[in-house]
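Per chain, numbering begins at 1; letters A, B, ... match sequence-line order. Just so we're clear, the structure is a prediction, and the values are computed from it rather than from any experiment.
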Amino acid sequence: MGIRAIRGFKDILPPETRSWQELEELARACFETFGFSEIRTPILEKTEVFNRGIGEHTDIVEKEMYTFTDRNGDSLTLRPEATAGIIRAYIENKLYNRSSVQKLYTIGPMFRHERPQKGRLRQFHQINAELLGSDDPLSDAEVIWVAWEILQEIGLKGGLRLEVNSLGCPKCRPGHRKDLSVFLENNAQDLCEDCKRRMKTNPLRVFDCKKEECRRALLLAPVIKHYWCPECSEHLGRVLDYLEFLEIPFVINPHLVRGLDYYQRTTFEIKATGLGAQDTVAAGGRYDGLVELLGGPKIPGVGMAIGVERALLLMESEVEEEATDCYFAVLDRDAMEYVLKWMKELRQNGLICETSYGKKSLKAQLRAADRVRARFSVIVGESELDEEEAILRDMETHEQWQVPFDEVAQELLKKTLEEEEVEAKKAVQEEERE
RNA sequence: GUGGGCGUAGCUCAGUUGGUUAGAGCGUCGGGUUGUGGCCCCGGAGGUCGAGGGUUCAAGUCCCUCCGCUCACCCCA
């Protein structure tokens with residue numbers, strides 16, 4: 001094999017790109033209804049943005065970033081997630097001065113140097129939302145809501161499971177962490193090797209362990225829930241009330257932990273069946289200390305990310321390329337000037353028009369028309385040129401008739417519009433039946 | 001970073017105990033009388049059998065090394 005894309009990086013080809021467009025358009029439409037505006041930030045940032053934002057001791061920063069030195073000696077990093085960069089832009093552009101609350105979304109690629117597997121790539125894409133400037137539980141609920149809504153819209157009605165938890169705040173979290181560390185050290189002999197390591201690096205993560213031995217050992221471990229301060233309890237309670245009111249089903253997972261340091265209070269994951277080991281389609285949480293940590297004012301925030309590839313794996317619907325409205329079969333070079341004129345007018349009116357390149361037999365051209373699923377074909381050869389009448393062929397009924405040159409574009413436009421109206425009516429009727 | 005599975009045409013795969021010019025289906029291009037598509041029939045193009053080395057008279061087939069893909073661990077969207 002010759003030159004190849006690098007490991008974990010994928011070409012996204014037609015017709016699959018159709019599914020991407022569909023998902024992105026749906027997400028954008030959904031965000032607009034929630035009052036989010038699009039922000040686009042660079043995919044490359046100073047490494048510092050992520051080191052400080054995500055946390056020095058996270059796996060992402062320690063071993064997964066694409067980091068390199070720029071020609072002038074700066075350390076740069078391909079963004080492994082969107083939030084840190086958006087917060088940097090938020091601070092740099094003083095967006096908090098425009099209005100107290102900013103609701104931003106972005107869609108784009110992220111980069112993490114991990115071993116690829118099902119639902120995990122080195123370049124992957126996220127649909128991201130950040131709500132900055134409010135610590136109202138309603139803002140948590142709205143971020144979960146918009147994630148839920150997008151996933152519903154793309155047709156993942158079943159098989160989704162929303163898990164929610166609170167990680168506490170800087171007031172109540174340290175107490176839990178300390179007690180947990182002590183507990184783990186006292187029970188280290190019952191833990192697997194991985195957990196013994198986690199115990200030191202990120203004690204909370206032992207709760208994620210799937211091994212039976214560890215689960216048993218952790219039955220009596222201190223749970224964050226019992227350490228929540230009154231404010232954190234109240235906050236989560238109100239978020240859950242909103243979710244209930246919105247009829248978004250959830251389960252509380254007291255062991256739900258996130259891999260990024262900046263999260264506090266509300267965290268959530270939306271998991272799906274059918275994704276293999278990487279079963280989280282969307283996740284997010286509250287990060288009240290982050291803006292300040294990156295050098296901005298003390299402003300709270302909450303956000304979420306949907307994994308595009310993972311959502312697409314769940315969509316599974318195969319989207320076809322759009323069918324062509326009209327294919328122009330040209331048998332004589334002199335006919336091309338007429339054809340170009342018709343195609344220009346039709347394309348300007350939104351019709352999909354194609355013609356063949358190079359000299360081809362009529363048979364070959366009609367075959368090509370068939371392959372692009374042309375609804376109509378127009379045939380122009382020597383005799384048509386003489387009579388100044390083209391042949392318009394209905395590819396479904398096989399009917400064909402002659403149309404004067406100066407009526408070809410209009411005739412096609414009329415025919416296509418009629419069809420569209422019929423289709424639209426059918427669609428409406430079908431929807432009514434459902 | 002660690003383990004398991006897999007690498008033969010664009011795709012899905014066959015290839016007998018090692019034995020002639022490596023095959024099929026689909027796709028693609030063309031033909032089936034002058035200028036009429038899908039179905040059918042016929043034909044063409046397309047492969048360093050993942051790469052390198054070894055064993056052998058002979059390797060797609062056996063052995064070794066490497067590379068890639070994939071799933072899982074880890075971690076996460």
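- Taking the P atoms as reference points, rU16(B) lies 11 Å from rU61(B), given to the whole Å.
- Panel note: side chain Q365(A), backbone V330(A); a donor-acceptor pair is recorded below 3.5 Å.
- In this structure, the side chain to side chain donor-acceptor pair (under 3.5 Å) partners of Q123(A), at least two apart in sequence or on a different chain, are H125(A).
- Counting atom types as modelled, Q365(A) pairs no side-chain N or O with a base atom of rU36(B) as donor and acceptor under 3.5 Å.
- Base pairing analysis places rG7(B) opposite rC67(B); the two distances defining the Watson-Crick or G-U wobble pair are each below 3.5 Å.
- Nucleotide rC62(B) has rG54(B) as its partner under the Watson-Crick or G-U criteria, with both atom distances under 3.5 Å.
- rC69(B) and rC29(B) have their C1' atoms separated by 30 Å, given to the nearest Å.
- Between the CD atom of Q278(A) and the CG atom of L121(A) there is a distance of 10.5 Å, given to the nearest 0.5 Å.
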The contact string for nucleotides 69-77 of chain B, one letter per nucleotide 5' to 3', using protein heavy atoms under 4.0 Å with B, S and - for base, sugar-phosphate only and none, comes out as SSSBBBBBB
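- Annotation: rG47(B) and rA24(B) have their C1' atoms spaced 14 Å apart (nearest Å).
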Output one line per pair: protein atom, nucleotide atom from nucleotides 28-35 of chain B, and distance, for all N/O pairs under 3.5 Å.
{"residue": "rC29(B)", "atom": "OP1", "partner": "R371(A)", "partner atom": "NH1", "Å": "2.9"}
{"residue": "rC29(B)", "atom": "OP1", "partner": "R371(A)", "partner atom": "NH2", "Å": "3.3"}
{"residue": "rC29(B)", "atom": "OP2", "partner": "R371(A)", "partner atom": "NH1", "Å": "3.1"}
{"residue": "rG35(B)", "atom": "O6", "partner": "E382(A)", "partner atom": "N", "Å": "3.4"}
{"residue": "rG35(B)", "atom": "O6", "partner": "S383(A)", "partner atom": "N", "Å": "3.0"}
{"residue": "rG35(B)", "atom": "O6", "partner": "S383(A)", "partner atom": "OG", "Å": "2.5"}
{"residue": "rG35(B)", "atom": "O6", "partner": "E384(A)", "partner atom": "OE1", "Å": "3.2"}
{"residue": "rG35(B)", "atom": "N1", "partner": "S383(A)", "partner atom": "OG", "Å": "3.4"}
{"residue": "rG35(B)", "atom": "N1", "partner": "E384(A)", "partner atom": "OE1", "Å": "2.7"}
{"residue": "rG35(B)", "atom": "N1", "partner": "E384(A)", "partner atom": "OE2", "Å": "3.0"}
{"residue": "rG35(B)", "atom": "N2", "partner": "E384(A)", "partner atom": "OE2", "Å": "2.9"}

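- Put simply, NE2 on H235(A) and CG on D135(A) are 7.0 Å apart, with the number rounded to the nearest 0.5 Å.
- In this structure, CG of D370(A) is placed 10 Å from P of rG37(B), rounded to the nearest angstrom.
- Applying the side chain to side chain donor-acceptor pair (under 3.5 Å) test to every pair with at least one member in residues 400-413 of chain A, sequence neighbours left out, gives these pairs: E387(A)-Q402(A), R393(A)-Q400(A).
- Nucleotides rC62(B) and rU56(B) are separated by 10 Å at their C1' atoms, to the nearest Å.
- Rounded to a whole angstrom, the distance from the P atom of rG27(B) to that of rU36(B) is 23 Å.
- rG4(B) and rC64(B): their P atoms are spaced 14 Å apart (whole Å).
- Regarding Y327(A), its OH atom lies at a distance of 16 Å from the P atom of rU36(B), rounded to whole Å.
- Atom CG of residue L256(A) and atom CG of residue L167(A) lie 7.0 Å apart, to the nearest 0.5 angstrom.
- Here rA45(B) sits opposite no nucleotide as a Watson-Crick or G-U wobble pair (both hydrogen-bonding atom distances under 3.5 Å).
- Checked against the 6.0 Å centroid criterion, the rings of F36(A) and Y105(A) do not qualify as a close aromatic pair.
- Residues satisfying the side chain to side chain donor-acceptor pair (under 3.5 Å) criterion with R7(A), sequence neighbours excluded, are absent altogether.
- Nucleotides rC57(B) and rU65(B) are separated by 26 Å at their C1' atoms, to the nearest Å.
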Each nucleotide of nucleotides 5-12 of chain B classed B (base within 4.0 Å of a protein heavy atom), S (only sugar-phosphate) or -, in 5' to 3' order, makes --------
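- rG18(B) makes up no base pair with any nucleotide shown, lacking Watson-Crick or G-U wobble contacts both under 3.5 Å.
- If you take CG on N165(A) and CZ on F250(A), they are separated by 12.0 Å, rounding to the nearest 0.5 Å.
- Proximity of the aromatic rings of W145(A) and Y242(A) is defined here by a centroid distance below 6.0 angstrom, and this criterion is not met.
- Between Y338(A) and F405(A), the ring planes lie tilted relative to each other; the angle falls in the 30° to 60° range.
- With P as the reference atom, rG52(B) and rG60(B) are 12 Å apart, rounded to whole Å.
- Using the Watson-Crick or G-U wobble rule with both distances under 3.5 Å, rU12(B) pairs with rA24(B).
- Shortest non-hydrogen contact noted between M395(A) and L366(A) is CE-O, 4.1 Å.
- The partner of rA72(B) is rU2(B), judged by Watson-Crick or G-U wobble contacts that both fall below 3.5 Å.
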